[in-house]
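Worksheet: one structure, shown below.
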Amino acid sequence: MESITKELEKNGIKIICPINTFNVNEIGAYVSKLLYSKLPELKIDYAATFSKISRIPMYIAEMPYGMSDACYFYKNESIYFRRGLSFDTIKKLAFHELLHHFQEVKDSYGKLHRLGLCTYTNLSAYGNALNEASVQLMSAYATGEQKDTVKYYGVTFPTDSPSYYPMLCNLVKQVGYACGFSILFESTFYANNAFFDKFKECFGEKNAFKIQQDFEKIMMIEEKIIKLNEKIQTEDMSYMKFKKVSDTVSRYKEDIKNTFLSTQNLIITSFFSVKMKSIVNANDVEETRKYLYSFTNLIGMSDGYTFFNDFYVKTISELDNKYEQITNPAVPMVVKKSAFSHIIESLKRIFTLNKADEKESSHI
């Protein structure tokens, strides 16, 4: 226990007091109920889940600036919450941290081998940002966090989680919409390969790997910004040093903006490239139209960003031509229409279709 305490203090975590048994049980009941009712695809046993949570040590602690308000420490399977949080906030944060507890896979020596979508080797962790984003998306949905449209780093985007990993949650929702939220959440919780198999199928193996790398890049740059902002707030700097650090933060923010947009573009192009190749009948055409239209409600935008609009017009035109070729195979050539008429006709088709989101909108 002494070595664990020293390791915690090395990371700036100083225990103040344990959370009492009554409150731990209240957290256990809250989280178990949400897992059971909001995420039925996980097929959890309520009583067994509650029993497991009730045995997890939880503490109030001093935590350093820049660290999350809650932290799960796998070496002693305990959760630490920042001092000063309301109990309602603690319960919601506990949902995220307890997902980490359930998704961990250890070897016979207690060494962490896998955490949901993240795989650990002796030197590195692969998929950490993707895993954190998926866990937070699950948490935001289950705990009823209010969705919002926010602006970070010059990008305006909708997010299910305005306060925690807002940008990564937007991107993982785009991926989840394409692959299916059930398979994303199941693999996140049970640490299996089903999602990655679907991920590669929907986007192509090379593109899926690149998207995962971009998640890591965004998280890494955000961590650098947090550390630099901490320096600005805590150190007495000269004007020149302050300007240098501020300029570095500005460059990092621009880098995040560009990485977000390029990742979003890759998600869009690679997913619809695979979808277009798989079209064999008129129903496939209409399904692809609905996917395309739904992406208008998922993507982020910035000043001067026209990629999606251009892609939308081009893809609608291609879908119209495919539809004509499938329904009128004897017609040798399709007369081209204006881009505006493509959009109008496409939207008319979409609005006459069933409004229910066929990609598990009951979830997200």
Side-chain angles (χ1 to χ4, degrees), residues 1 4 18-60 68-81 85 87-120 127-128 130-145 160-161 164 172 176 180-198 360 362-364:
M1 179 64 185
I4 294 292
I19 294 178
N20 64 57
T21 301
F22 178 82
N23 285 338
V24 170
N25 287 341
E26 190 173 343
I27 290 170
Y30 172 78
V31 173
S32 299
K33 180 180 178 181
L34 291 181
L35 284 171
Y36 182 81
S37 61
K38 294 286 189 176
L39 298 165
E41 66 269 36
L42 300 182
K43 299 180 175 63
I44 71 152
D45 181 288
Y46 175 89
T49 303
F50 172 80
S51 177
K52 189 172 184 179
I53 293 173
S54 67
R55 296 193 297 270
I56 297 174
M58 302 183 193
Y59 301 91
I60 302 298
S68 298
D69 289 331
C71 173
Y72 175 71
F73 194 60
Y74 83 92
K75 289 185 178 180
N76 64 348
E77 298 184 353
S78 299
I79 304 176
Y80 303 88
F81 300 93
L85 299 174
F87 188 62
D88 282 344
T89 299
I90 285 174
K91 287 197 298 184
K92 289 186 176 183
L93 292 173
F95 190 96
H96 180 113
E97 303 308 324
L98 285 166
L99 285 182
H100 284 320
H101 174 73
F102 285 107
Q103 65 177 187
E104 66 180 9
V105 178
K106 297 178 181 178
D107 62 21
S108 57
Y109 300 100
K111 186 176 180 180
L112 190 62
H113 170 66
R114 189 161 181 175
L115 194 68
L117 305 179
C118 179
T119 301
Y120 291 85
N128 180 52
L130 182 63
N131 185 62
E132 282 293 339
S134 183
V135 167
Q136 184 53 32
L137 185 64
M138 293 174 71
S139 300
Y141 166 69
T143 62
E145 187 164 349
D160 291 60
S161 178
Y164 299 96
V172 81
F181 292 112
S182 285
I183 196 167
L184 172 64
F185 291 169
E186 286 174 26
S187 284
T188 299
F189 192 82
Y190 290 112
N192 60 45
N193 291 324
F195 166 72
F196 282 113
D197 292 341
K198 188 68 174 179
E360 306 171 62
S362 60
H363 261 335
I364 303 295

Revision key, fill the gap. Heavy atoms of Ile56 and Ser78 approach each other most closely as CG2-CA, 4.5 Å
Practice item. Give the ring-plane orientation class for His101 versus Tyr72, where under 30° counts as parallel, over 60° as perpendicular and anything between as tilted. Key: perpendicular
Check your understanding: So does Tyr190 have more than 12 non-hydrogen atoms from other groups sitting under 6.0 Å from OH?
Key -> yes
**Study point:** Closest contact, heavy atoms only, Ile53 versus Gly28
**Key:** CG2-CA, 3.4 Å
Practice item. Kindly say whether Phe196 contributes a backbone atom to a donor-acceptor pair with the side chain of Asn193 at under 3.5 angstrom? Key: no
Review point. Would His100 and Asn131 satisfy side-chain contact (heavy atoms from CB on, under 4.5 Å), going step by step from the backbone distance to the final call?
Key: CA-CA 9 Å; His100 284 320; Asn131 185 62; 3.9 Å; yes
Study note, to complete from the structure: Residues at least two apart in sequence or cross-chain that pass salt bridge (Lys or Arg N to Asp or Glu O under 4.0 Å) with Glu104, listed by chain then number, are Lys106
Practice item. Using the side-chain contact (heavy atoms from CB on, under 4.5 Å) rule, take Glu77 and Arg55 through it: C-alpha gap first, then chi angles, then the decisive distance, then the call. Key: CA-CA 10 Å; Glu77 298 184 353; Arg55 296 193 297 270; over 6 Å; no
**Study point:** side chain to side chain donor-acceptor pair (under 3.5 Å) against Ser68, all qualifying residues, sequence neighbours excluded
**Key:** none
Review point. If you take all heavy atoms of Asp160 and Ala140, which pair is closest and at what distance?
Key: O-CB, 3.3 Å
Study note, to complete from the structure: Ala142 and Lys38 have their tightest heavy-atom pair at O-CG, 3.8 Å
Exercise for review: Please report the shortest heavy-atom distance between Ser134 and Thr188, naming the atom on each side.
Suggested key: OG-OG1, 2.7 Å
Review point. Is there a donor-acceptor pair under 3.5 Å between the side chain of Ser54 and the backbone N or O of Ser51?
Key: yes
Review point. Which word best sums up how the rings of Tyr36 and Tyr46 line up, parallel for under 30°, tilted for 30 to 60°, or perpendicular for over 60°?
Key: perpendicular
Point to revise | Contacts of type salt bridge (Lys or Arg N to Asp or Glu O under 4.0 Å), residue Lys43, not counting sequence neighbours | key: none
**Study point:** Closest heavy-atom pair and its distance - Val31, Ala94
**Key:** CG2-C, 4.5 Å
